[in-house]
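Order of listing sets the numbers, starting from 1, for every ligand and every atom in it. The figures that follow rest on heavy atoms only: side chains count, while hydrogens, waters and symmetry mates do not.
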Amino acid sequence: MDTVDIAIAGGGMVGLSLAAALHDSGLSVAVISDQPFSREMPPEPALRVSAINGANYSTLSDLGVWQRMPQERVSAYHTMSVWDKDSFGKIHFSKEDLPAPQLGHIIENQLLTNALADTVAQQSHVKLIETRIQKVLSGQRETMLMQENDQVLACRLLVGADGANSFVRRQAQFPLTFKDYGHTAIVATVRTSVPHEQCARQVFTPDGPLALLPLSEPDLVSIVWSQTNEVASSLTGLNDEAFNHALSATSDGVLGVLTVESERHSFPLTMRYARQWAKNGMVIIGDAAHTIHPLAGQGANLGMRDAFALAETLKICVQDDKDFASLENLRAFERARKADAMAVVAAMDGFKTLFAGNHPLKKFVRGAGLVMTDAIPAIKRQWLAQAMGW
Ligand SMILES: Cc1cc2nc3c(=O)[nH]c(=O)nc-3n(C[C@H](O)[C@H](O)[C@H](O)COP(=O)(O)OP(=O)(O)OC[C@H]3O[C@@H](n4cnc5c(N)ncnc54)[C@H](O)[C@@H]3O)c2cc1C
């Protein structure tokens, strides 16, 4: 039987970020994933992309992860444009508003996962194990993980970074609050007839937002089109020509004629929030602890913040010779991260509700809100700084 200090369940962006951030902790780490850690990438962009904010970009660069991504496939955006469909409400952000070198980057999730896996594979403190955790047995001093490959791994602390349907969260019996957003997100890669000029755009329609995220080719964007389940299901049923037509019309023609170049995938959207994140020997982070609406591109960013904050907590425990697996020493981490996650969950709910529907008064309020925010530099800077994770 193998023994490590920290076992991380889940080799997604969040679990691997934690492993990378523990490089100087003196702790031995195993990451267990039921998916391959690294995947060969086809030449065309993958469907799942994320907007990574400035704070996480800096940390990933400091860890030497960012540099391992093929830079020709990473797309920095310098401006952001958000508007309310069929209303006067709009707001435009620019890197000069802060100022900052860029407002964020659009990356393919798998490319970042590959770069994280490459980074930790070089580090002697980490073992990467491709198998599924099937059973968890908690003891006084250790937790045993029974794996699908018939091996048993013992650890002092089990970290659940195993996604929205977290097995670890269920084993720990952490209570969960959840709500069906009633929205489905359609994602696809789309060719534009007008260049995107490194601008991330989002239009709010009464049935939900459409994001047009600039990829590294000047006329290619990734769309995240979140609509009520009924509208999304009728959009999914359209042939490519009719879908392209609906897409171009919804985007108000800002990028000209839009043509889908990939398959379309749909994701039902659910808010989840674990009311407990830690107990003796176990803690959860990332989508295992919270899932939110993608309208502000904050889910993975929030999860990475959990990972980097947990790494700091564990390192301090090691330095101070404290038990890093005890609830007593994980409590401050849990409290701080729950508060951050709760604030983001509430903000996403607020945005979704405010921008839903066509009531003239509501349209006036959101139009006035956007225009006023656009006109007041101090408020605009504060919004931007928050979106960038500063
Ligand atoms: C349409 C859409 C658009 C989004 N856009 C953005 C964006 O622009 N910016 C942003 O910040 N976020 C975005 N998000 C959110 C983001 O994708 C997620 O928050 C993020 O991927 C979560 O990462 P994770 O590592 O916590 O979980 P996951 O990526 O789900 O990884 C968990 C891993 O654990 C593995 N696993 C599960 N159970 C076990 C087990 N028992 N044993 C071993 N392994 C196991 C899984 O196979 C998986 O590989 C978006 C989400 C959606 C749906």
Side chain or backbone, does G15 bring an N or O within less than 3.5 Å of an N or O on ligand 1?
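No, G15 has no N/O under 3.5 Å of an N/O on ligand 1.
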Contact check: S33 vs ligand 1, nitrogen or oxygen atoms, below 3.5 angstrom:
no
Element-labelled atoms of ligand 1 that are located less than 4.0 Å from some non-hydrogen atom of R48:
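Heavy-atom distances to R48 below 4.0 Å select 2 (C), 17 (O), 50 (C), 51 (C), 52 (C), 53 (C).
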V187 heavy atoms within 4.0 Å reach ligand 1 at atoms 1 (C)
Does CD in Q122 sit with more than 12 non-hydrogen atoms of other residues, nucleotides or ligands closer than 6.0 Å?
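Counting other residues, nucleotides and ligands, CD of Q122 exceeds 12 neighbours.
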Is it the case that over 12 heavy atoms from other parts of the model lie below 6.0 angstrom from the CD atom of Q71?
yes
Using heavy atoms and a 4.0 Å limit, tell me yes or no: is A9 in contact with ligand 1?
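False for this residue.
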Side chain or backbone of [X] under 4.0 Å from ligand 1, or both, or neither, by non-hydrogen atoms?
X	result
M13	both
P294	side chain
A288	neither

Mind checking whether Y57 and W66 have ring centres under 6.0 Å apart?
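Yes, close enough.
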Does a side-chain heavy-atom distance below 4.5 Å link E334 with V283?
no
With sequence neighbours left out, which residue pairs that include part of residues 199-210 fulfil the side chain to side chain donor-acceptor pair (under 3.5 Å) condition?
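Found T205-Q227.
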